[in-house]
There are 2 protein chains.
Amino acid sequence: MRIEGGGATPNALLGLLSLGPMSGYDIKALIDRSIGYFWSESYGQIYPSLKRLAAAGLVEKKTSRQKGRPDKHVYSLTAAGQAQLQEWLKVPVTEEVNRNELLLKLFFGERVAPSVCREHVRACLETHERAVKTYDAIAKGLRKDSANDPQLPYWLMTVNFGRIRSAALVKWAKETLKELERIEKTQKK
Amino acid sequence: MRIEGGGATPNALLGLLSLGPMSGYDIKALIDRSIGYFWSESYGQIYPSLKRLAAAGLVEKKTSRQKGRPDKHVYSLTAAGQAQLQEWLKVPVTEEVNRNELLLKLFFGERVAPSVCREHVRACLETHERAVKTYDAIAKGLRKDSANDPQLPYWLMTVNFGRIRSAALVKWAKETLKELERIEKTQKK
DNA sequence: GGGTGCATGTAATGGGTTACATGATTCT
DNA sequence: AGAATCATGTAACCCATTACATGCACCC
């Protein structure tokens, strides 16, 4: 048996619980409307992980009965859990290559008609144009709703990351579309 | 039993084999010095996958004996394999959220000293500053060595993606470092 | 003699999503 | 009547990396 805390998932859960006591269901919902653009967890990870965290004494479980609905299992950070989270936050980030299917398809793009790649890149452009707007909206909302939260600057940093990245990809997509059109024209001649 | 060709890995292999006949070992080496910055495969994936592709008739295996060294199993694309690759290249890219541990740690950054986050962001800055230079070098090399290859424009598009993305992250990291220093100063007062 | 490169492959393990199973309440 | 939301959990499955197993040749 391994000690809970090595992987990122349990530590992400500890982090979310540091915002306040929550159930597995709540955690999933919170992820989807906060860190969802750079982190995801499924129930199949959350529930077993919470159980293990509880067994390791890093979180505490309290069952609250509800009318009609199933019992709610609310978890909260223990002192040990808080310590573990802080330790993990200090560990240097290990960046691994994340696979990019768009680039893979583009790399072999010469094997198909230029219009195929154009379509892929156009979709990418649309996605990130929308994303930039979304990030701006999120930042605006955060600045309003969490104006006095000491965590606000950190949250804005992550949003800004997304914004800058998406803006860059918009730029790339536009450049790339032009290049693809150029290829298409020279091919037809 | 499933038909080979659904996942990205077998199709990536087909793509690489479209560049010429190769062994599993060659494929790994080629990945590492070409698409390695946005795609990776391990032997544990490559060898079994090639076997399945051969069973499905998408690639053809030829064993060439070598002096001293173990036999080399050279695979080449069949017509069916080429067709499968082209079909796959047309399928719209499904972008899923890729987890970002740096952002996760930054999101909970208020739970630790600002210097911790500063260190993470500084590492990110360094990584991407180096990356920009690497991408430039790769592009230069490609323009020289593959000047007449019709695939060159596509390869440059993928390199340019990396370049633009890394340059954007350098910008973000610099901004973020300033912000972290600001937080540090206001905290000390 | 020992490290590195060539060359193949399997088994163990890890980390994750999806589908399944259950069931009441509330909204349309 | 039916869909969505609340709520928890397990089992099956998929995909991927790492470790293991083997062994020769070449260079230092």
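Residue numbers begin at 1 in each chain, while the letters A, B, ... track the order of the sequences.
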Same cluster or not: are W155(B) and V93(B) linked, directly or through other Ile, Leu, Val, Met, Phe, Trp or Tyr residues, by side-chain heavy atoms under 4.5 angstrom apart?
yes

According to a strict under-4.0 Å criterion, is T9(B) in side-chain N/O contact with OP1 or OP2 of dA16(D)?
yes

Verdict with reasoning, E175(A) to K178(A), per salt bridge (charged side-chain N to carboxylate O under 4.0 Å, His left out)
CA-CA 5 Å; E175(A) 272 181 40; K178(A) 268 184 205 160; over 6 Å; no

Polar pairs (N or O, both sides) under 3.5 Å between protein and nucleotides 7-11 of chain D?
from    : atom 1 : to     : atom 2 : distance (Å)
dA7(D)  : OP1    : Q66(A) : OE1    : 2.9
dA7(D)  : OP1    : Q66(A) : NE2    : 3.1
dA7(D)  : OP2    : K72(A) : NZ     : 3.3
dT8(D)  : OP1    : H73(A) : N      : 2.9
dT8(D)  : OP2    : Y25(A) : N      : 3.0
dT8(D)  : OP2    : Y47(A) : OH     : 3.0
dG9(D)  : OP1    : H73(A) : ND1    : 3.0
dG9(D)  : OP2    : H73(A) : ND1    : 3.4
dT10(D) : OP1    : K51(A) : NZ     : 2.8

Separation of dT13(C) P from Q45(B) CD (nearest whole Å)
18 Å

Integer-rounded Å distance: dA7(C) C1' and K28(B) NZ
13 Å

Any Lys/Arg nitrogen of K90(A) or E87(A) sitting under 4.0 Å from an Asp/Glu carboxylate oxygen of the other?
yes

Salt bridge (charged side-chain N to carboxylate O under 4.0 Å, His left out) partners for R99(B), two or more places apart
E41(A)

Would you call K105(A)-E101(A) a salt bridge at under 4.0 Å N-O?
yes

Rounded to the nearest angstrom, tell me the gap between atom CD in E101(B) and atom P in dG15(C).
12 Å

Rounded to whole angstroms, how far apart are CD on E41(A) and P on dT18(C)?
13 Å

Would you kindly say whether T158(A) and Y37(A) are connected by a side-chain donor-acceptor distance under 3.5 Å?
yes

Using C1' atoms of five pairs at each end, report the bend of the helix from dG1(C)-dC28(D) to dT28(C)-dA1(D) rounded to 10 degrees.
30°

Between Y43(A) and K28(A), is there a cation-pi geometry (under 6.0 Å to ring centre, at most 45° from the normal)?
yes

Return no unless some side-chain N or O of R99(B) is found under 4.0 Å from OP1 or OP2 of dG16(C).
yes

Between I46(B) (CD1) and dT10(C) (C1'), how many Å, whole number?
15 Å

Report the C-alpha separation of Y135(A) and F161(A) in whole Å, then their side-chain angles, then the decisive distance to 0.1 Å, and conclude whether the ring pair (Phe, Tyr, Trp, His ring centres under 6.0 Å) test is met.
CA-CA 9 Å; Y135(A) 289 129; F161(A) 183 102; 9.2 Å; no

Phosphate contact (dA16(D) OP1 or OP2) by S40(B) side-chain N/O below 4.0 Å:
no

Report the distance from atom CE of M22(A) to atom P of dC6(D), rounded to the nearest whole Å.
15 Å

Return the value, rounded to whole Å, for the distance between atom CG of L30(A) and atom P of dC6(D).
14 Å

Do you know which two heavy atoms are closest between R111(B) and S18(A), and how far apart they sit?
NH2-O, 2.6 Å

Figure out the CG/P separation between L50(B) and dT10(C), and round it to whole Å.
11 Å

